[in-house]
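Computed from a predicted structure; not experimentally measured. Positions are given from 1 along the sequence.
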Amino acid sequence: GLPDANTTFTANYTANKYVITYKANGGSGANQTQTCTYGQNFTAKGAIFTRTGYTLDYWTTPAGSWALNGTNVYGWAQNVEFLAHWKANTYTVTYNANGGSGAPSSQSFTYGSTLKLSSTKPTRTGYTFVHWSTKNNDTGISYDPGDSYSSAASVTLYAIWKINTYTVTFNANGGVIVLESVESDALYDSSNHRRYALINGTYYPVYSRKLTTTLTTKKVNHGSAIGTLPVAEKPYHNFVGWFTSATGGTQISSSQTITSDKTYYAHYEIPENLYQRVNGKWVPGKMYQYYSGAWHQVIPLTYHSGWKQ
């Protein structure tokens, strides 16, 4: 039946539901939606979009009047759009001397700007700096000091080194050095009646059927042993070895470590058992004769006026 005249009716309301549409706003990814109840809490979505070089800072409405993150109360009596608001990332370039010293300090930049790499070069004893690389074995991307860097990533740049190669010079010091590596047959030059042989890329005169020179060189890497030493000869002398000075100095061996360009000098000694007459004086000496493919010391059985024992 009909209600009594004094009956009170109370309205019962149900909160409306609205839809939030999330948009990438310069980022990547399809729009996403979220249904919310008016006046109730909702949690804004997190990083559902990506953008190279940027991080999601917060969500905002097209009018830019709101900055939303985390949990909020839905207070719009309508469907709304949330636009991603992006913050440019900060990246760091770190330098690693990779066995050397004196690497530059780290540098930072904001994405969208271009960083000029440090012009400072590290140092390493016995090595020459080549460039920077994103890999410590030089298999990555290479950069020179002062180059530009704008990639959307922090990076460690490693110094790439080239070992120094030094020139070691052997000075025959009054004698000749016997060359053992012959690359071709000797050539005859009729203009000066001499024969020449190609030795390690250079033509040398051939005397008495022996390939000799007064100076020869070899290349040795920093910190390596000098290796095989050449042999020197001087008439009427015995070869002693290689020394750090033309006179005196220190004798070296094949294990000598090389850390810079060097010159070494042949030293000789005169045997004391034979003498020859030079400028009216008896001077120690020995005679040599070349036969059977080698030099041989000659000790006369009969000593003439120019020699004595």
Side-chain angles (χ1 to χ4, degrees), residues 3 7-98 103-120 122 131-137 139-159:
T7 300
T8 300
F9 290 94
T10 302
N12 187 20
Y13 296 96
T14 300
N16 294 334
K17 294 183 180 297
Y18 297 100
V19 176
I20 300 173
T21 301
Y22 293 87
K23 294 187 175 182
N25 191 27
S28 299
N31 293 347
Q32 295 193 25
T33 61
Q34 180 181 15
T35 300
C36 301
T37 301
Y38 182 82
Q40 295 186 9
N41 289 344
F42 74 96
T43 300
K45 289 182 179 292
I48 56 176
F49 304 120
T50 59
R51 185 178 179 186
T52 300
Y54 291 83
T55 299
L56 177 67
D57 194 15
Y58 55 82
W59 299 100
T60 185
T61 58
S65 55
W66 295 86
L68 300 169
N69 266 326
T71 301
N72 305 268
V73 175
Y74 193 91
W76 299 273
Q78 61 184 12
N79 296 330
V80 295
E81 290 183 349
F82 281 179
L83 305 179
H85 187 275
W86 301 98
K87 179 181 179 181
N89 295 335
T90 298
Y91 298 109
T92 301
V93 175
T94 303
Y95 299 91
N96 185 314
N98 198 20
S105 300
S106 298
Q107 296 175 280
S108 297
F109 71 102
T110 301
Y111 184 78
S113 62
T114 299
L115 174 69
K116 182 178 180 180
L117 298 178
S118 173
S119 59
T120 299
H131 54 238
W132 298 103
S133 175
T134 55
K135 300 289 186 180
N136 63 0
N137 59 359
T139 58
I141 300 172
S142 299
Y143 294 92
D144 290 323
D147 274 356
S148 297
Y149 182 84
S150 58
S151 298
S154 294
V155 67
T156 296
L157 297 180
Y158 298 89

Q. Okay, side chain of Asn79, backbone of Val19: is any donor-acceptor separation there less than 3.5 Å?
A. yes
Q: Can you measure from CH2 (Trp86) to CZ (Phe49) and round to the nearest 0.5 angstrom?
A: 7.5 Å
Q | Considering all heavy atoms, the nearest Asn72-Ala44 contact | A | ND2-CB, 4.3 Å
Q) Could you state the interatomic distance from OG1 (Thr94) to CG (Leu157), rounded to the nearest 0.5 Å? A) 8.5 Å
**Q.** Step-by-step side-chain contact (heavy atoms from CB on, under 4.5 Å) determination, Phe42 to Thr35
**A.** CA-CA 9 Å; Phe42 74 96; Thr35 300; over 6 Å; no
Q: Any chance you could measure Tyr18, atom OH, to Cys36, atom SG, to the nearest 0.5 Å?
A: 11.5 Å
Q | Main-chain N/O of Pro62 paired to Glu81 side chain as donor or acceptor, under 3.5 Å | A | no
Q | Sidechain-backbone polar pair: Trp76 side chain, Ile20 backbone, donor-acceptor under 3.5 Å | A | no
Q.
Between Asn96 and Tyr158 (side chain of the first, backbone of the second, donor and acceptor by atom type, cut-off under 3.5 Å), is there such a pair?
A. no
Q) About how many Å separate CG of Asn136 and OG1 of Thr156, when rounded to the nearest 0.5 Å? A) 10.5 Å
Q) Is there a donor in the side chain of Thr92 and an acceptor in the side chain of Ser108, or the other way round, less than 3.5 Å apart? A) yes
Q: State, to 0.1 Å, how close Tyr111 and Ala152 come at their nearest heavy-atom pair, and which atoms those are.
A: CE1-CB, 3.5 Å
**Q.** Non-hydrogen atoms of Gly29 and Ala24 that approach each other most closely
**A.** O-CB, 4.1 Å
Q: Measure the spacing between CG of Asn25 and CZ of Phe82 and express it to the nearest 0.5 Å.
A: 13.5 Å
Q | Main-chain N/O of Tyr38 paired to Asn16 side chain as donor or acceptor, under 3.5 Å | A | no
Q) Taking all atoms of both residues into account, what is the closest heavy-atom pair of Trp132 and Pro145, and its distance? A) NE1-CG, 4.0 Å
Q: Grab the two heavy atoms, one from Thr33 and one from Lys45, that are nearest each other, plus how far apart they are.
A: O-CE, 3.5 Å
Q) Do the non-hydrogen side-chain atoms of Tyr58 and Lys87 ever get within less than 4.5 Å of each other? A) no
Q: Assess the pair Phe109 and Tyr149: is the distance between their ring centroids shorter than 6.0 Å?
A: yes
Q | Rounded distance (nearest 0.5 Å) linking atom CG of Asn31 with atom OH of Tyr22 | A | 12.0 Å
Q. Do you know which two heavy atoms are closest between Pro122 and Ala159, and how far apart they sit?
A. CG-CB, 3.9 Å
Q) For Ile141, does the CD1 atom have more than 12 heavy-atom neighbours from other residues, nucleotides or ligands under 6.0 Å away? A) no
Q.
So does Ala67 get a backbone contact from the side chain of Asn69, meaning a donor-acceptor N/O pair under 3.5 Å?
A. no
Q: Would you check if the side chain of Gln34 reaches a backbone N or O of Thr43 as a donor-acceptor pair within less than 3.5 Å?
A: yes
Q: Measure from the side-chain N and O atoms of Tyr54 to the backbone N and O of Gly26, and report whether any donor-acceptor pair falls under 3.5 Å.
A: no
